[in-house]
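Here's the structure we're looking at; comments come further down.
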Amino acid sequence: MMTLYSGNTCPYSQRCRIVLFEKGMDFEIIDVDLHNKPEDLALMNPYNRVPVLVERDLILYEANIINEYIDERFPHPQLMPADPVMRARARLFLFNFEQDLFSHVHAIEHGSQKAAEKARGLVRDSLTQIAPIFAKQKYMLHDDFSMLDVAIAPLLWRLDHYDIQLPRQAANLLKYAERIFSRPAFIEALTPNEKAMRK
């Protein structure tokens, strides 16, 4: 059985929880208090961060690496594209999300007021740029829910919490976000703390 060490407000842990629930398999989630981390966390992950996945003698950290492993180990429903070219493109998207969106989360959560404002603006602009995609398609990769939707979902869920106001031209993106939020696995994966983030 897989065990996920997860932070109950951590967007990266949320990604892994979503994938586990989408797969509908047996797993255990251990809530980690991010302000009082257990000593064994640093033994499992030298960066002393969540999420961490443990399965028998395998220990993985970093959300995207964990999620790709789960996807390959339990191929139904498949969340990464089967085609190598499409899969490579998906990985590039995942990398872009880290650089253009998630790299600013730390400044929003822990930075000075000025740093947080700047970070909010950068996230808002990046999201507004991708909004037009959803005028024509249901999810990031056309009609199929994929790892790209999983990866961006925790940020979209936290827009209110992070005080990021999207302009009117991003309306399609907000509709897309609601499609993700209504998925049973997404709802099941939410922690009480995450539920409290949205009014």
Side-chain angles (χ1 to χ4, degrees), residues 4-22 29-35 37 47 49-52 61-67 79 93-134 138-140 145-199:
L4 181 73
Y5 290 80
S6 161
N8 59 20
T9 56
C10 163
Y12 304 100
S13 297
Q14 188 181 4
R15 285 180 181 174
C16 298
R17 283 184 262 114
I18 293 168
V19 168
L20 288 167
F21 280 103
E22 283 285 345
I29 292 176
I30 294 177
D31 275 329
V32 174
D33 179 351
L34 299 180
H35 304 292
K37 294 173 184 169
Y47 303 101
R49 290 196 299 249
V50 287
V52 173
Y61 42 89
E62 286 307 298
N64 289 342
I65 293 170
I66 291 170
N67 282 348
L79 294 173
F93 264 119
L94 291 171
F95 176 76
N96 291 343
F97 288 166
E98 299 314 300
Q99 299 300 310
D100 302 341
L101 298 168
F102 283 83
S103 64
H104 305 300
V105 164
H106 188 78
I108 293 171
E109 288 185 347
H110 306 290
S112 64
Q113 198 177 347
K114 194 176 169 192
E117 271 309 308
K118 185 182 175 200
R120 283 188 192 100
L122 291 165
V123 170
R124 184 191 60 231
D125 296 348
S126 292
L127 288 174
T128 306
Q129 273 180 320
I130 58 174
I133 306 173
F134 304 107
K138 202 170 157 189
Y139 293 113
M140 283 277 172
F145 183 78
S146 75
M147 205 63 88
L148 301 187
D149 307 298
V150 170
I152 202 170
L155 181 67
L156 298 176
W157 181 255
R158 286 163 174 74
L159 289 177
D160 289 345
H161 181 67
Y162 289 160
D163 199 22
I164 295 170
Q165 310 286 327
L166 292 183
R168 216 169 314 156
Q169 62 262 42
N172 287 324
L173 181 83
L174 295 173
K175 284 190 193 127
Y176 154 72
E178 293 301 329
R179 280 195 287 280
I180 298 179
F181 302 161
S182 64
R183 292 180 72 84
F186 181 89
I187 296 163
E188 280 184 277
L190 286 169
T191 65
N193 294 43
E194 284 166 346
K195 286 179 184 157
M197 286 176 179
R198 280 173 68 88
K199 305 170 187 63

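Computed from a prediction, not measured in an experiment: that's the story for all the values here. The basis for the numbers below is simple: all heavy atoms, side chains too, and nothing from hydrogens, waters or symmetry mates. Numbers for residues simply follow the sequence, beginning at 1.
Judged purely by atom type and a 3.5 angstrom limit, R158 has no side-chain atom pairing as donor or acceptor with the backbone of M197. With N8 contributing its side chain and P192 its backbone, the two residues share no donor-acceptor pair below 3.5 Å. Checking side-chain atoms of D125 against main-chain N and O of L122 turns up no donor-acceptor pair under 3.5 Å. R120 places no side-chain N or O within 3.5 Å of a backbone atom of I164 that could act as its donor or acceptor partner. Using modelled atom types, no side-chain atom of S13 and backbone atom of S6 make a donor-acceptor pair closer than 3.5 Å.
Residues L79 and N67 are not in side-chain contact: their nearest non-hydrogen atoms beyond the backbone lie 4.5 Å or more apart. Under the 4.5 Å side-chain criterion, counting only non-hydrogen atoms from C-beta, L156 is in contact with L127. Between I152 and I130 there is a side-chain heavy-atom pair separated by less than 4.5 Å.
With respect to E188 and R17, no salt bridge is recorded, no charged nitrogen being found less than 4.0 Å from a carboxylate O. A salt bridge does not link E117 with K114: every distance from a Lys NZ or Arg NE/NH1/NH2 to an Asp or Glu carboxylate oxygen is 4.0 Å or more.
Taken to the nearest 0.5 Å, the CG atom of L148 stands 5.0 Å off from the CZ atom of F97. Here the straight-line distance linking atom CZ of R15 with atom CG of L94 works out to 7.0 Å at 0.5 Å rounding. The OG1 atom of T9 sits 5.0 Å away from atom CG of L34, with the distance rounded to the nearest 0.5 Å. Interatomic distance, H161 NE2 to L159 CG, rounded to the nearest 0.5 Å: 11.5 Å. Between atom CZ of residue R49 and atom NZ of residue K37 there is a gap of 8.5 Å, rounded to the nearest 0.5 Å. Rounded to the nearest 0.5 Å, atoms CD1 (I18) and CG (L190) are 7.5 Å apart.
Heavy-atom contacts from other residues, nucleotides or ligands closer than 6.0 Å to CZ of F93 number 12 or fewer. For Q113, the CD atom is loosely surrounded, since the number of other residues' heavy atoms within 6.0 Å does not exceed 12. The 12-atom threshold is exceeded at CZ of F181, counting heavy atoms of other residues, nucleotides or ligands nearer than 6.0 Å. No more than 12 heavy atoms of other residues, nucleotides or ligands sit less than 6.0 Å from atom NZ of K118.
For R183 and F145, the positive end sits near the middle of the six-membered ring, less than 6.0 Å away and at most 45° from its axis.
Under the ring-ring contact (aromatic ring centres under 6.0 Å, His included) criterion, Y176 pairs with F134, not counting sequence neighbours.
Within the structure, the side chain to side chain donor-acceptor pair (under 3.5 Å) test picks out the following pairs touching residues 99-109 (sequence neighbours left out): E109-Y162.
In summary, the aromatic rings of Y5 and Y61 are positioned with their centroids too far apart to meet the 6.0 Å limit.
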